[in-house]
Amino acid sequence: VQLQASGGGLVQAGGSLRLSCAASGRTINGYAMAWFRQAPGKEREFVAYSWRQADTYYGDSVRGRFTISRDNAKNTVYLGMNSLKPEDTADYYCATSFSHRPVLSAMKSAGAYAYWGQGTQVTVSS
């Protein structure tokens, strides 16, 4: 399974970006997809998770501002980011592993995911 993340860039605070994660080697249909982020000097942080279109979960720091979605026909998952803040600055990674809905602790744990994209950098200026 290969994941290719894209869409990062430089944006002013309050702005928006949409990240994409294109999968190859396996369908995303029926598999969990997640986004994590890692800022310099910090641990990788859970951002969002999608099991099916209507089954999503968000980290506390992004809930209400970010939206995860998927297009199974394009084998791609997206992360829409609105009302961006300087503290959202990080490298963003997509990941996949589960063919079922995991428990919450596993869903939010980077160590539980086997496949990762290369990361796309998001910088939010104040």
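The shown structure was predicted, so the numbers you read here are calculated from the model rather than taken from an experiment. Residue indices begin at 1 and follow the sequence shown.
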Task: Cluster companions of Leu84 among Ile, Leu, Val, Met, Phe, Trp, Tyr (side-chain spacing under 4.5 Å) - done: Val1, Leu3, Val11, Leu17, Leu19, Ile28, Met33, Trp35, Val47, Tyr58, Val62, Phe66, Ile68, Val77, Leu79, Met81, Tyr92, Tyr115, Val122, Val124
- [ ] Might you point out which heavy atoms bring Ser97 and Tyr31 nearest each other, and give the distance in Å?
- [x] O-CD2, 4.1 Å
Task: Pair Asp88 + Lys85, salt bridge at N-O below 4.0 Å - done: no
TODO: Group every Ile, Leu, Val, Met, Phe, Trp and Tyr by side-chain heavy-atom contacts under 4.5 Å, then state whether Leu104 and Tyr113 land in the same group.
DONE: yes
- [ ] Might you point out which heavy atoms bring Tyr49 and Pro102 nearest each other, and give the distance in Å?
- [x] OH-CD, 3.0 Å
Task: Main-chain N/O of Ala23 paired to Asn75 side chain as donor or acceptor, under 3.5 Å - done: yes
Task: Quiz item: cation-pi between Arg37 and Tyr93, 6.0 Å / 45° - done: no
TODO: Write down the atom of Ala112, the atom of Ala106, and the distance for their closest heavy-atom approach.
DONE: CB-O, 3.5 Å
Open item on the list: Please check this pair: side chain of Thr96 against backbone of Ala32, looking for a donor-acceptor N/O pair closer than 3.5 Å.
Closed with: yes
Open item on the list: Distance to the ring centre below 6.0 angstrom and angle to the axis at most 45 degrees; does that hold for Arg70 and Trp51?
Closed with: no
TODO: For Gln2, look at atom CD and say whether over 12 heavy atoms of other residues, nucleotides or ligands are found less than 6.0 Å away.
DONE: no
- [ ] Could you tell me the separation between the OG atom of Ser6 and the CD atom of Gln4, rounded to the nearest 0.5 Å?
- [x] 7.0 Å
Open item on the list: Let me check something: do Phe36 and Tyr57 share a hydrophobic cluster, defined by ILVMFWY side-chain heavy atoms less than 4.5 Å apart, either directly or through other members?
Closed with: yes
Task: Main-chain N/O of Gly8 paired to Thr120 side chain as donor or acceptor, under 3.5 Å - done: yes
Task: Thr76 side chain to Lys74 backbone, donor-acceptor under 3.5 Å - done: yes
Task: Shortest non-hydrogen contact between Trp116 and Ala110, atoms and distance - done: CZ2-O, 3.3 Å
- [ ] Specify the closest pair of heavy atoms between Arg65 and Ser83, including all atoms of both residues, with the distance to one decimal.
- [x] NH1-O, 2.9 Å
Open item on the list: Is there a side chain to side chain donor-acceptor pair (under 3.5 Å) between Glu45 and Ser61? Walk through the geometry before answering.
Closed with: CA-CA 10 Å; Glu45 176 190 13; Ser61 61; 3.1 Å; yes
